[in-house]
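Here the structure comes first, spelled out in C-alpha cells, and everything after it is commentary.
These numbers were taken from a predicted model, which means no experiment stands behind them. Chain naming here is simple, since letters A, B, ... match the order of the sequence lines and numbering starts at 1 in each.
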Number of protein chains: 2
Amino acid sequence: MENKVTLKELSKILNVSISTVSKALNDSSEISHETRQRVKELAKLNNYLPNAMAQNLKKKSTRTIGVIIPAILPQFFSKVLHGIETRANKLGYKVIVCISNESLEKEKDGILTLITSQVDGLIISLARETQTMGSYDHFQMVSQYNIPLVLFDRVTSQIDCDKVIIQDREEARKATAALFRSGCKNVAYFSAISHTSVDNERKRGYEMACENLNKRIFTYTVETNEDFDKFFQHEFIKRSIDGILVADELTAILLMKTALKRGLQIPLDLSVIGFANGTMGEHFITSLSVVDQRAMDQGIQAVDLVVDRIEGRTKEDPVEVSLEATFIYRESTRLISA
Amino acid sequence: MENKVTLKELSKILNVSISTVSKALNDSSEISHETRQRVKELAKLNNYLPNAMAQNLKKKSTRTIGVIIPAILPQFFSKVLHGIETRANKLGYKVIVCISNESLEKEKDGILTLITSQVDGLIISLARETQTMGSYDHFQMVSQYNIPLVLFDRVTSQIDCDKVIIQDREEARKATAALFRSGCKNVAYFSAISHTSVDNERKRGYEMACENLNKRIFTYTVETNEDFDKFFQHEFIKRSIDGILVADELTAILLMKTALKRGLQIPLDLSVIGFANGTMGEHFITSLSVVDQRAMDQGIQAVDLVVDRIEGRTKEDPVEVSLEATFIYRESTRLISA
DNA sequence: CTGAAAGCGCTTACAG
DNA sequence: CTGAAAGCGCTTACAG
C-alpha cells in the first residue's frame, strides 16, 4: 500500500536536497559523516530501495546479462545456466533468460527483447534452426548496438565474437579410437541433433578416427523410438556393429534401453559412449561412459569473457576458449587400454 | 560502433519534434498517416530500438517477472521454469531468474535485487533453509512495495499471497494406499528434502494412509549413498519392508539402484513410487511409477496468477490453485487393483 | 559540506 | 496535425 519510497521523499523528511541524499547513500566523501548517517538511517527505516530503471538510464549500464539458450530441458543447458547464474551473481550481474526453443524466430525475438532491455552483454547458444538455415543476419543488430557477445557450445565461424566450446572434434575422434582399441570392430555414430555445429564436429571427429584406422563409416540420424528398433533389426545385424558413439545423452540412453530390451549385453555385445555428462547417464544401469562437456565451466567461462568485454578488459581480437573435455569411464564400455 | 539510435536523433533527421516521433512510433492517431510512415521507415532503416529503461521509468511498468527457484538442476524446477518462460513470453513479459541455492540469504538477496529491478511481479519457490528456519521476514518488503507474489510448490501459510501447488498430502496418501493394495505389507517413506513444505505434506499423507490401515510407520531421511546401504543392511530386513514412497526423483533412483545391485527384484521384492515426473525415472530400468507433479502446469498457472494480479484482474482475496496430480503407473509397482 | 541544475530517453497531458 | 513542456527517479559536474 505504502508503495515505493524515493529520494525525493527522503529529502523532504530530512530537509536536505535530493543531491545530498543521493550522495550520502552512495557514500560520497563530499557529504559530512553525520549527514550520511542520518540519511542512511532514514533510508533503512523506510526500506528504501533505489529504482534501477532510473539509475541505469543515467549510468547507461544495467549490470544485466542476457542469455539465450535453445532449450532448458536437456540437463546440459540447465547446468550451463546454473554456471552462468552463479558466476554472474558473484560478479554483481543479473541474468535475463530467453529460451529459443530451437527456433530461429524466437532467437531473433530474444535478441531484440534483450537489446531493448539494455543488457550489458549477451551469452547465446544457437538454435538448431538457426544453424540449419545458416541464417545469422539478426546478429548485425548486436554488433551495431555494440553489445559484447559470447557464443557457447553451438557456435559459428560466421559470427565474429568471443566463444566457449569444448574440443568436440578431437574428443569424438579420441572416443571413437578408444572404442576400437577396446575391441570394437564396427563403430557407428548416432545423432538426434543433426545440422548443429556440435553434431558436425563430433561426426567429423568420428569419421577421422575411422579413416585413420581404415574402418567403415556408419552414421545414423535418430528421432523416434522406431528408428532405434529399425536400426537393431537391420543395420545393427547387417553391419555387425558393436560400438556406438552418441552425440547426446538422451539418445544414448534410449539406444541402450532398446539394446537391453532386445537382450543385448552392454558392453559385451555393444559398447556405447555418449556426450554431455548428466545424472541420467550416471545412474542408468548400465552407467554410461561419456565425454564430459563441462557444462558448468562453459557457463562460468562465458560470463568471464562477456564481463571482461563489458568492463573493457579485453583488447580487440575475439577470444575463443576451447575447454579440454574429460572422458568419464563407466560401465557401458569395455576396459580401454591406454 | 554506431551505437544506439534515439528518438532525438530521428527527430533531428526528419525535422520534427521528439513528441511527434514518439507518437508516430506508437501509432498514435494524433499523427498524420504520412508522417507516421516517414518516421517508421527511418526508424527501421536505422534499426531503432526503444530504450526500455526510459520507457519503464515513465510508464512505471517493466513487463518483467522475477523468478526465484531453490535450484535448477532437479528437472522439476527446470520444467517449471520452462513453463514460466513460455507462458510469460506469450503474454509479453520477460523473466529474470535468481537461484537461491536453497539458501535463505540468497533468497533475500534475490528479492532485493528483483524489487530494485522493478519487476512487476514475483514467482517464488521457497529455499529449503527458509522453510527450515521458518524465517519469512524478507517478504515484508514485497508486500510493502505492493508487488504481486505467487508462491509455488514450496509454500507456507505464513505468507498471504496467491499459491500454486499439487495436492501433495492427498497424492501421497493415495500412493501409499495403492502400495498396500498391490500387496505390500510394510511401506516406508523416504525423503532427502526434509523440512520443506512438500516433504511435510507428503509425509503426513503417507502417515494417514498407514493409520487408516493400521500399519506401522517407517520414515527415513537419506542423504548419502551410505544411508541407502545402511538401510538395506538393517531396517529393510528387520522391518520386512516391501514398499517405499519416495519424496523426490533422484532419491527414488538411487534407492532402486542400490536395491537392484543387492540383487533385489523390483517390484517383486520391493515396490517403489516416486514424486515428480522426470526423464530419469521414465527411462530407468525398471521405470519408476510416479506422482506427476505437473511441473509445466505449475509454471503456467503461476504466471497466469501473477499477471492477473499485475493487470488488476483479481480482487482482494489470495487465490490458491491446487492442481490435481496424476499417477503414472510404470514398472516399479505391481499391478494395482482399483 | 550542501544544493541547484542539467540530463539520461522516453511519454503524455496541454496548447496552438 | 504538431510541438513545447513537464516529469519518471536518479547521478554528477558545477557553484557557492
Side-chain angles (χ1 to χ4, degrees), chain A residues 2-40 42-43 46-64 113 115-120 145-147, chain B residues 2-40 42-43 46-64 113 115-120 145-147:
Chain A
E2 180 172 330
N3 243 349
K4 338 242 173 184
V5 192
T6 65
L7 290 189
K8 199 200 270 187
E9 294 169 286
L10 297 180
S11 76
K12 261 183 200 147
I13 299 175
L14 289 169
N15 249 315
V16 295
S17 74
I18 296 176
S19 333
T20 301
V21 177
S22 170
K23 288 176 191 161
L25 289 177
N26 290 313
D27 262 324
S28 159
S29 58
E30 279 184 64
I31 305 296
S32 76
H33 199 262
E34 195 217 321
T35 309
R36 264 192 265 175
Q37 287 310 107
R38 281 177 56 220
V39 171
K40 286 189 180 173
L42 188 75
N46 288 283
N47 287 328
Y48 170 76
L49 286 179
N51 180 329
M53 294 302 125
Q55 288 182 318
N56 297 337
L57 185 57
K58 194 88 249 265
K59 297 206 207 160
K60 286 157 166 303
S61 139
T62 55
R63 291 195 84 79
T64 301
T113 305
I115 295 180
T116 301
S117 299
Q118 310 296 117
V119 294
D120 292 343
Y145 275 80
N146 232 332
I147 300 174
Chain B
E2 181 173 328
N3 244 350
K4 339 240 173 184
V5 191
T6 65
L7 291 189
K8 199 199 271 188
E9 293 168 286
L10 296 180
S11 76
K12 260 182 199 149
I13 300 176
L14 289 170
N15 250 314
V16 295
S17 73
I18 295 177
S19 332
T20 302
V21 178
S22 170
K23 288 175 191 162
L25 289 176
N26 290 313
D27 262 325
S28 159
S29 58
E30 280 184 66
I31 306 295
S32 76
H33 200 262
E34 195 218 319
T35 309
R36 264 193 262 172
Q37 286 311 106
R38 281 176 56 216
V39 170
K40 285 189 182 174
L42 188 75
N46 288 284
N47 287 329
Y48 169 76
L49 287 178
N51 180 328
M53 294 303 125
Q55 288 182 316
N56 298 338
L57 184 57
K58 196 85 248 268
K59 299 206 210 159
K60 288 160 167 300
S61 140
T62 54
R63 290 196 84 79
T64 300
T113 305
I115 295 180
T116 301
S117 299
Q118 311 294 117
V119 293
D120 291 343
Y145 275 81
N146 231 333
I147 300 174

Students should find that the nucleotides of DNA chain D closing off the region near chain A, any atom under 4.0 angstrom from a heavy atom, are D/dG9 to D/dC14
Contacts of B/E30 meeting salt bridge (charged side-chain N to carboxylate O under 4.0 Å, His left out) (sequence neighbours excluded), chain-then-number -> B/K23
What residues, two or more places apart in sequence or in another chain, satisfy side-chain contact (heavy atoms from CB on, under 4.5 Å) together with A/K59? none
Which residues pass the side-chain contact (heavy atoms from CB on, under 4.5 Å) test with A/T64, not counting sequence neighbours? A/T62, A/K94, A/I96, A/V119
Applying side chain to side chain donor-acceptor pair (under 3.5 Å) to B/T116 and not counting sequence neighbours gives none
First locate atom NE2 of B/H33, then atom CD of B/Q37, and finally report the distance between them rounded to the nearest 0.5 Å. 5.0 Å
By a strict heavy-atom criterion of less than 4.0 Å, which residues belonging to residues 52-64 of chain A are in contact with DNA chain D? A/A54, A/Q55, A/K58
Residues in side chain to side chain donor-acceptor pair (under 3.5 Å) with B/S22, at least two apart? none
By side-chain contact (heavy atoms from CB on, under 4.5 Å), B/L14 pairs with (sequence neighbours left out) B/V16, B/R38, B/V39, B/L42
Given Watson-Crick and G-U pairs under 3.5 Å, DNA chain D in dot-bracket ([ ] crossing, | other strand) is |||.||||||||.|||
For B/K40, all residues meeting side-chain contact (heavy atoms from CB on, under 4.5 Å), sequence neighbours excluded: B/L25, B/D27
Qualifying residues under side chain to side chain donor-acceptor pair (under 3.5 Å), relative to B/E9, sequence neighbours excluded: B/T6
Within residues 12-29 of chain B, find the residues that approach DNA chain D with a heavy atom at under 4.0 Å, and present them sorted by residue number. B/V16, B/S17, B/S19, B/T20, B/K23
Could you grab the distance from atom CG of A/L49 to atom OH of B/Y145, nearest 0.5 Å is fine? 4.0 Å
If I compare all heavy atoms of A/I31 with all of A/A24, which pair ends up nearest, and what's the gap? CG1-N, 4.0 Å
So, taking the atom named CG in A/L57 and the one named CD in B/Q55, what distance separates them when rounded to the nearest 0.5 Å? 11.0 Å
